[in-house]
Protein chains: 2
Amino acid sequence: MSTNDCLSGTIRHLLDAGVRPTRHRLALAELLFDGRERHVSAEMLNVEAREHLVSISLATVYNTLHHFTAAGLLREIVVDSRRGYFDTNTSDHYHFFYEDSLCLVDIPIEALEIMRLPATPAGKTIRRVEVVVRVSG
Amino acid sequence: MSTNDCLSGTIRHLLDAGVRPTRHRLALAELLFDGRERHVSAEMLNVEAREHLVSISLATVYNTLHHFTAAGLLREIVVDSRRGYFDTNTSDHYHFFYEDSLCLVDIPIEALEIMRLPATPAGKTIRRVEVVVRVSG
DNA sequence: GCGATTTTTAGAATCATTCTAAAGGGTGTT
DNA sequence: AACACCCTTTAGAATGATTCTAAAAATCGC
Ligand SMILES: [Mn+2]
Ligand SMILES: [Mn+2]
Ligand SMILES: [Zn+2]
Ligand SMILES: [Zn+2]
């Protein structure tokens, strides 16, 4: 019987990633990791936290999103040069981006196949291959 | 013999796109459409204009970049949520993004093949399929 | 509980981009 | 040329997302 057997799933989730499960981080983690695929901006998550009566500063939302990202619990997606998005799905996958509603929707990795990737530039490492299908209408 | 036979290539380029070839637009177009593949931010182009002794306001650089983009002379690329890039290559192609130096390099369309694109969401139109290969090191 | 280390916070600062409103330029008409 | 009309350029202010600062609060190991 490990010493953590009685911890909630969310606390375990944070501990496993090496993130100290403070009150605020737990509250945000509960909102983020609820099973749905989520693509949130800092401002969106801040609003959501307030709706759930969690008192938190916007700076802490930013701190936490970056912290979770560094710990591998989130990944950052760039689709809009005005706003950053964070994705709760950290596995390899791609995205639809609805330009009108600014919504992101996952494209599972197996729904798309990339062939003949060009040679990696000398001395460089590929960090990620991003595919964004921009749709509107 | 058309009435435009004696115009410079740059003026013709703008006229053909339906853009009035004003002094400032011509200066920026000369910098942008010099044959190289270019991926510039507004700030980069502004600095370049000043280096070439072109007196221009940053607002005009933004106006012109957006104008050229609307006219199909440029396209906008999103790789960094802090800054927008404009690409002089408006044909279909993809990009390497060097995360350390913030540089973009073209990947020709034939260097990469995408198979099995997922179904387009109902009622939507695909505006573009973007591929960004992020590299570092 | 205590002291060391993190975390949280409000508010200011930063930075890219857009907006405003006024001045400047181009073009066609008389 | 003078005029009218419309488009462009401009400086500077405004905006909005994000980061920074420095001090207060929370957390952790002992
Ligand atoms: Mn970031
Ligand atoms: Mn734009
Ligand atoms: Zn996703
Ligand atoms: Zn390009």
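All heavy atoms count here, side chains included; hydrogens, waters and symmetry mates do not. Order of the sequence lines fixes the chain letters, A, B, ..., with proteins taken first and strands second; residue numbering starts at 1 for each chain.
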**OP:** Measure across A:His39 and A:Tyr85 and return the closest heavy-atom pair with its distance rounded to 0.1 Å.
**Re:** O-CD2, 4.0 Å
Original post:
Between D:dG16 atom C1' and B:Arg82 atom CZ, what is the distance in whole Å?
Top reply: 15 Å
Subject >> A:Arg25 or B:Glu43, whichever maps to the more 5' nucleotide of DNA chain C >> reply: A:Arg25
Original post:
Hey, what's the ring geometry for B:His13 with B:Phe33, parallel, tilted or perpendicular (30° and 60° as the breaks)?
Top reply: perpendicular
Subject >> salt bridge (Lys or Arg N to Asp or Glu O under 4.0 Å) partners of A:Glu43, counting only residues at least two apart >> reply: none
Is there any protein nitrogen or oxygen under 3.5 Å from a nitrogen or oxygen in nucleotides 20-27 of chain D, and what are the pairs?
none

Original post:
Taking atom P of C:dT18 as reference, at what distance in whole Å does atom CD of B:Glu76 sit?
Top reply: 8 Å
**OP:** State whether A:His67 places a side-chain N or O below 4.0 Å from either non-bridging phosphate oxygen (OP1 or OP2) of C:dT6.
**Re:** no
**OP:** Grab the CE-C1' distance between B:Met44 and C:dT17 for me, whole Å please.
**Re:** 17 Å
Original post:
Between D:dG16 atom P and A:Leu102 atom CG, what is the distance in whole Å?
Top reply: 15 Å
**OP:** Indicate whether OP1 or OP2 belonging to D:dT19 is found under 4.0 Å from a side-chain N or O atom of A:His66.
**Re:** yes
Subject >> Among D:dT10, C:dT9, C:dT17, the one nearest A:Asn63 by side-chain distance >> reply: C:dT9
Original post:
A:Thr60 side chain N/O closer than 4.0 Å to the phosphate oxygens (OP1, OP2) of C:dT8?
Top reply: no
**OP:** With heavy atoms under 4.0 Å as the rule, sort A:Leu58 into base, sugar-phosphate or nothing.
**Re:** base
**OP:** Answer yes or no: are there more than 12 heavy-atom neighbours, outside B:Arg128 itself, under 6.0 Å from its atom CZ?
**Re:** yes
Subject >> Test: B:Arg38 and B:Glu48 ion pair at under 4.0 Å >> reply: yes
Original post:
Over how many whole Å does the gap from B:Asn46 atom CG to C:dA16 atom P extend?
Top reply: 11 Å
Subject >> Polar contact flag, side-chain donor to acceptor under 3.5 angstrom, A:Asp87-A:His95 >> reply: yes
**OP:** Give the rounded distance in Å between these two atoms: CG of B:Leu65 and C1' of D:dT8.
**Re:** 15 Å
Original post:
Quick one: A:Asp80 CG to C:dA16 P, roughly how many Å, whole number?
Top reply: 17 Å
**OP:** Return the nearest nucleotide to the side chain of B:Arg83; candidates are D:dT8, C:dT17, D:dT10.
**Re:** C:dT17
Subject >> The single option from B:Thr64, B:Val54, B:Thr22, B:Thr10 passing side-chain contact (heavy atoms from CB on, under 4.5 Å) against B:Leu28 >> reply: B:Thr64
Original post:
Can you tell me how far P of C:dA13 sits from OH of A:Tyr62, to the nearest Å?
Top reply: 19 Å
